[in-house]
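Please read the structure below before turning to the comments.
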Amino acid sequence: MSDPDAATRLLEALRGLDLTSADGRAGLGTLLAEIERAAPDAILQKAAGIDLRRMGWRGAPRRAQAASDRVASASAQQECG
């Protein structure tokens with residue numbers, strides 16, 4: 001399965017989640033586990049970027065985001081390929 005197909009499938013699953021229910025929260029956990037399996041550390045990288053922005057870091061966000069996306073993409077290709 002190609003990355004765009006996987007991303008589309010994950011987005012469709014996310015749209016159907018009701019986070020007010022136990023089943024929805026369990027589904028979110030499953031979805032996050034699938035993302036982590038496909039792109040190890042992608043969630044931690046995004047969380048680190050959010051933390052840096054909360055602390056006032058204003059360094060090249062576009063370049064940092066692009067670099068983060070490249071790392072996540074490379075990780076996913078290694079896992080899937």
Side-chain angles (χ1 to χ4, degrees):
M1 180 182 304
S2 68
D3 287 345
D5 292 339
T8 300
R9 183 175 53 91
L10 291 173
L11 284 173
E12 287 173 3
L14 183 60
R15 284 189 195 108
L17 291 178
D18 175 13
L19 298 180
T20 62
S21 71
D23 287 342
R25 290 186 298 275
L28 180 59
T30 301
L31 183 63
L32 291 171
E34 179 69 15
I35 292 169
E36 188 64 20
R37 184 198 62 76
D41 297 328
I43 295 170
L44 292 176
Q45 290 172 355
K46 293 295 182 183
I50 291 168
D51 287 344
L52 286 171
R53 285 190 295 279
R54 282 184 185 154
M55 291 187 295
W57 182 70
R58 299 284 183 225
R62 288 184 185 154
R63 283 181 276 157
Q65 181 64 42
S68 174
D69 290 346
R70 284 192 304 274
V71 169
S73 176
S75 294
Q77 287 175 355
Q78 288 175 353
E79 288 292 316
C80 296

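In what follows, residues are counted from 1 in the order of the sequence shown.
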Using a 3.5 Å cut-off and no angle test, enumerate the donor-acceptor pairs between side-chain atoms of residues 10-19 and protein atoms at least two apart in sequence or in another chain.
unit_1	atom_1	unit_2	atom_2	d
D18	OD1	T20	N	3.1
D18	OD1	T20	OG1	2.5
D18	OD2	T20	OG1	3.2

ask   = Between E36 and D41, which heavy-atom pair has the shortest distance, and what is it?
value =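 Nearest heavy atoms, E36 then D41: OE2-N, 2.8 Å.
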
Taking salt bridge (charged side-chain N to carboxylate O under 4.0 Å, His left out) as the cut-off, I'd like each qualifying pair that reaches into residues 19-34, sequence neighbours left out, listed once.
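Listed by first then second residue: R9-E34, E34-R37.
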
